[in-house]
**Student:** 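Please find one structure pasted underneath; my questions will follow.
None of the values given here were measured: they were computed from a predicted structure.
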Amino acid sequence: KKHFDCVLNVHPQCADAYLGLFMAEIKARNKSQAGKIFADGDLTGNRFYQRAKQFADTSLKVELESWEKQRNNRLIREAEEREEARKAKEAAEEARQTRILELRTIRSKYDQCRFVISAGDWHTVGLKADGTVVAAGLKSRVSSWTDIVAVSSGEYHAVGLKADGTVVAAGPNFHGECNVSSWADIVAISTGDDHTVGLKADGTVVATVITLRDNDIIKPDFGQCEVSGWTDIIAVGAGSAYTVGLKADGTVVAVGSKAFGVCDISGWKNIVAVSSGKGHAVGLKADGTVVATGLNDDGQCDVSNWRDIVSVSAGSYHTIGLKADGTVVAVGKNNGGQCNVSSWADIVAVGAGGLHTVGLKADGTVVAAGYNNDGQCDVNGWKLCKNPLNFMEESKQKRAQKKEERYQKQRQEQMLMYQRKKLTAAKNELAELHGLFAGKRRKELRQEIAELEINIQITKNKIEEITKRLDG
């Protein structure tokens, strides 16, 4: 550098001296290296380079212009790569958004039947299109239920949402989990081990109050029912000792036991469905991926690689995912074969229980896998509906049909009562005429008696006809 400074003191317009100072500054040992550094960087504004270019002879100018050409080619190439990357990113995002819309459409179809089947710890309940309910396993007294539009199974109890927004429940009611008779305006239900949660039409949530028994060794109240302050909720999930709520903005709230980090869901976003298990919670994202938190001793939270999922269900120690193509995936404990669902196809709804899994097929039949020690998998003969993907419409038609049948039956019973009253009055009148027979002319009285007997026979015939229709 000192050498080039000395040269410039004598020859202030020496291009080679300025180029030497430039190379010293960028730490290039020769022109070839300097050209590479120049092409890879942004050194056109360097003062020494500018002077070297200003005073360069023809040969040096050609060399410096080749440096600039290499640099310009690099900039063009990088710009093209950035543009390609931008287009690829936009295409990927467009494809992602398109897939999200496709999954939303599929989910909207499956939403009609996701409350048709539910697996509890030791039993399974299924909703038929006519609004009645069937059960397998530990017997739940659900056979008398009518006008049901959704079912949910807990550890030992089952809950049904009626068409009028009220709720019915069956089970031992150990901790008040069945105390739902006063609920109204409910649009969705979820059952935990010891509590039941209901989502109201206004986005608020109600829950049963935990009651304690004298022989409770472990107190079941962990605050899982403290949901009165929740608003803007669109879905709920009741777990073992906690409750999660999905908000309209795709975020999730939780209350209850903090064990295993099961309530660590504040960072979840873009969630469209939630499900609560024994000690883990699962969330389905809009893009068909799944997140999970909580107990993972058996791998029940290993869902990060799942794709194209449209419905999820968390069991005691396993997790089930329904894919858009009607197949099913599972992770977690498989000691009873509850995760042996890879061969299932044409599934439209799934339910993960204690040690078993159930699936509703597109033809309305039901399949099951896992422990069957209490008969919870005895669902082979079930036919819940004709077309589960049109369950709401089919259910609506069935309920309307049953309502019309009840109306016609009541009308027939009223007609029967009227005819019986008419028959009684005719018999009374006939008896009265018999009493007056001795005091009147025989011919006139016989005519009146004959007419009454004809009317009595006609009334009897009508009664027989109505009775046959009622029996049929």
Side-chain angles (χ1 to χ4, degrees), residues 92-93 95-111 113-114 117-119 190 235 237 239 244 246 250-252 254 260-353 355-362 367-370:
E93 180 60 21
R96 191 179 76 88
Q97 292 298 332
T98 300
R99 188 54 180 162
I100 287 175
L101 291 176
E102 290 173 352
L103 291 173
R104 182 186 300 172
T105 301
I106 296 171
R107 280 199 311 272
S108 67
K109 292 180 180 179
Y110 287 177
D111 277 347
C113 49
R114 63 193 176 105
I117 194 85
S118 182
S190 183
V244 297
L246 173 60
T251 59
V252 183
F260 315 115
V262 70
C263 290
D264 295 341
I265 54 180
S266 58
W268 287 7
K269 295 179 180 179
N270 300 320
I271 305 298
V272 294
V274 290
S275 183
S276 301
K278 205 70 139 179
H280 71 294
V282 181
L284 172 62
K285 303 192 75 170
D287 62 0
T289 59
V290 181
V291 291
T293 185
L295 181 66
N296 195 34
D297 288 356
D298 297 291
Q300 57 264 54
C301 292
D302 296 340
V303 295
S304 59
N305 63 337
W306 284 5
R307 298 292 183 273
D308 284 342
I309 304 298
V310 293
S311 183
V312 290
S313 183
S316 290
Y317 304 103
H318 70 297
T319 303
I320 302 295
L322 172 62
K323 294 177 70 74
D325 62 1
T327 59
V328 181
V329 290
V331 292
K333 199 168 189 175
N334 195 32
N335 56 329
Q338 60 266 44
C339 291
N340 296 340
V341 295
S342 59
S343 63
W344 289 5
D346 297 323
I347 304 297
V348 295
V350 290
L355 296 172
H356 76 294
T357 301
V358 292
L360 174 64
K361 293 179 71 73
V367 291

**Student:** Write down the atom of I347, the atom of Y110, and the distance for their closest heavy-atom approach.
**Tutor:** O-OH, 3.9 Å
**Student:** Does K278 reach the main-chain N or O of G315 with its side chain, forming a donor-acceptor pair under 3.5 Å?
**Tutor:** no
**Student:** Just verifying a value: how many Å separate I265 CD1 and S276 OG, rounded to the nearest 0.5 Å?
**Tutor:** 8.0 Å
**Student:** Tell me, please, which residues at least two apart from L355 pass side chain to side chain contact (heavy atoms under 4.5 Å, CB included).
**Tutor:** N335, Q338, Y371
**Student:** For the backbone of A345 and the side chain of K361, can you confirm whether one donor and one acceptor N or O come within less than 3.5 Å of each other?
**Tutor:** yes
**Student:** So, the side chain of Q300 versus the backbone of K333: is there a donor-acceptor pair under 3.5 Å, distance only?
**Tutor:** no
**Student:** How far does OG1 of T327 sit from CG of D346, to the nearest 0.5 angstrom?
**Tutor:** 10.0 Å
**Student:** Tell me whether S313 contacts the main-chain N or O of I320 through its side chain, where contact means a donor paired with an acceptor under 3.5 Å.
**Tutor:** no
**Student:** Do V329 and V303 have side-chain heavy atoms sitting under 4.5 Å apart?
**Tutor:** no
**Student:** For I117 versus A349, what's the shortest heavy-atom pair and its separation?
**Tutor:** CG2-CB, 4.1 Å
**Student:** Indicate the atoms forming the closest heavy-atom contact of N296 with C301, along with that distance.
**Tutor:** OD1-N, 2.7 Å
**Student:** Can you tell me how far apart CZ (R96) and CG (D287) are? Round to the nearest 0.5 Å.
**Tutor:** 6.0 Å
**Student:** Are I271 and V291 close enough that some pair of their side-chain heavy atoms sits under 4.5 Å apart?
**Tutor:** yes
**Student:** For residues W306 and T319, determine if any side-chain heavy atom of one lies less than 4.5 Å from a side-chain heavy atom of the other.
**Tutor:** yes
**Student:** With a 4.5 Å limit on heavy-atom distance, are the side chains of L295 and V262 in contact?
**Tutor:** no
**Student:** Which atom pairs, one a donor and one an acceptor, fall under 3.5 Å between side chains of residues 99-107 and the rest of the protein, sequence neighbours left out?
**Tutor:**
unit_1: R99; atom_1: NE; unit_2: D308; atom_2: OD1; d: 3.0
unit_1: R99; atom_1: NH1; unit_2: E102; atom_2: OE1; d: 2.8
unit_1: R99; atom_1: NH2; unit_2: D308; atom_2: OD1; d: 3.3
unit_1: R99; atom_1: NH2; unit_2: D308; atom_2: OD2; d: 3.4
unit_1: T105; atom_1: OG1; unit_2: L101; atom_2: O; d: 3.0

**Student:** Within the side chain of T293, is there an N or O that forms a donor-acceptor pair under 3.5 Å with the backbone of G261?
**Tutor:** yes
**Student:** If you look at every heavy atom in A368 and V358, which pair is closest and at what distance?
**Tutor:** CB-CG1, 4.0 Å
**Student:** Give me the atom names and distance for the closest heavy-atom approach of A352 to H318.
**Tutor:** CB-NE2, 3.6 Å
**Student:** Looking only at non-hydrogen atoms, find the nearest pair between D302 and N305 and report the distance.
**Tutor:** O-OD1, 4.1 Å
